[in-house]
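Notes for the one structure printed next.
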Amino acid sequence: MAEMTKRDPRKSPSYPQRVHIREREQWQEVLATWEARIAEARRQRAESGAGSDLLLARMEGARDQIADAVRRLPMEVGHMYEDDKLRVGEAVAALERLFAQWGAVR
């Protein structure tokens with residue numbers, strides 16, 4: 001006969017356990033890094049007038065996507081976590097392309 005494991009009566013077996021909570025700081029650092037880079041680009045734009053307002057707007061849009069996913073990621077489970085993690089990766093890749101364009105414009 002198979003040995004039965006004791007279940008914690010305070011935890012619902014149908015509700016998945018959140019296993020990514022400890023990653024919150026890591027994701028916050030990703031967001032903070034991009035916010036700082038965008039703030040520097042905006043400062044450069046204000047000081048020199050060089051650079052594109054459209055590129056800055058696109059950077060901020062990608063940053064908003066990261067911020068939204070970073071807010072949810074530590075609490076997500078399963079495919080929802082993977083979807084948000086993919087969104088962060090895509091937004092970071094978009095920001096890298098935008099900063100390459102920014103460098104070419106300045």
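Note: E90 CD to I66 CD1 = 11.0 Å, rounded to the nearest 0.5 Å. With rounding to the nearest 0.5 angstrom, the CZ atom of R58 is 7.5 Å from the OG atom of S52. Interatomic distance, CG of D68 versus CG of L31, reported as 10.5 Å (0.5 Å rounding). From I21, atom CD1 reaches atom CD of E23 across 10.5 Å, with rounding to the nearest 0.5 Å. Residue L95 holds its CG atom at 10.5 Å from CD of E60, rounded to the nearest 0.5 Å.
Shown are R42, E40, E47; of these, the side chain to side chain donor-acceptor pair (under 3.5 Å) with Q44 is made only by E40.
Across every non-hydrogen atom of A69 and D84, the tightest pair is CB-O, 3.8 Å. Annotation for M59 and A41: closest pair SD-CB, 4.4 Å, computed over non-hydrogen atoms. D53 and R45 make their closest contact through OD1-NE, 3.1 Å (heavy atoms, listed as atom of the first residue, atom of the second, distance). Nearest heavy atoms, A91 versus A62: CB-O, 3.7 Å. Between R63 and I38 the shortest heavy-atom distance is CB-CD1, 3.5 Å.
The environment of CZ in R43 is crowded: more than 12 heavy-atom neighbours from other residues, nucleotides or ligands sit within 6.0 Å.
Between W34 and F99, the angle of the ring planes lies from 30° to 60°, which puts this pair in the tilted group.
Between R87 and D83, no side-chain nitrogen of the basic residue sits less than 4.0 Å from a carboxylate oxygen of the acidic one, so the salt-bridge criterion is not met.
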Worked verdict on W102 versus R97 for side chain to side chain contact (heavy atoms under 4.5 Å, CB included): CA-CA 9 Å; W102 180 264; R97 289 189 305 272; over 6 Å; no

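E82 and H79 share no side-chain donor-acceptor pair at under 3.5 Å.
Within the 4.5 Å cutoff, the side chain of R24 has heavy atoms near those of the M75 side chain.
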